[in-house]
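Following: one structure in structure tokens, then a few remarks.
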Amino acid sequence: MKTFLVTLSKKIEGELTDDLLHRHVDYLKFMNQNGSLIMCGPFVDKDGAMMIFRCHSSNK
């Protein structure tokens, strides 16, 4: 398996709806439960976030 670092940046105010946020968190919980998510969290300045995944490919 490979390890991938994913960064989220350039957040646009108003695009992150409650529904989208809940689906994002549910997906991260799923990835954590199946052992693919190593770590995730927001940056200190709240302008982005990072996720570290362990997967066979970046297409997962």
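Numbers for residues simply follow the sequence, beginning at 1.
The side chain to side chain contact (heavy atoms under 4.5 Å, CB included) test applied to Ser9 returns no partner, not counting sequence neighbours. Applying the side-chain hydrogen bond (donor to acceptor under 3.5 Å, both in side chains) rule to Asp45 yields no partners; only residues at least two apart in sequence or on another chain are considered.
Counting heavy atoms from C-beta on, the side chains of Met51 and Leu8 come closer than 4.5 Å.
Within the structure, salt bridge (Lys or Arg N to Asp or Glu O under 4.0 Å) contacts touching residues 14-25 (residues at least two apart or in different chains) are Asp19-Arg23.
His56 and Lys2 get closest at one heavy-atom pair: O-CD, 4.2 Å. Of all non-hydrogen atoms in Ser36 and Cys55, the two that sit nearest each other are CB-SG, 4.4 Å.
Other members of the hydrophobic cluster containing Met39, listed by chain and number, are Leu5, Ile38, Phe43, Met50, Ile52; membership follows side-chain contacts under 4.5 Å among ILVMFWY residues, whether direct or relayed.
Residues Tyr27 and Phe4 do not share a hydrophobic cluster, clusters being chains of Ile/Leu/Val/Met/Phe/Trp/Tyr side chains in contact below 4.5 Å.
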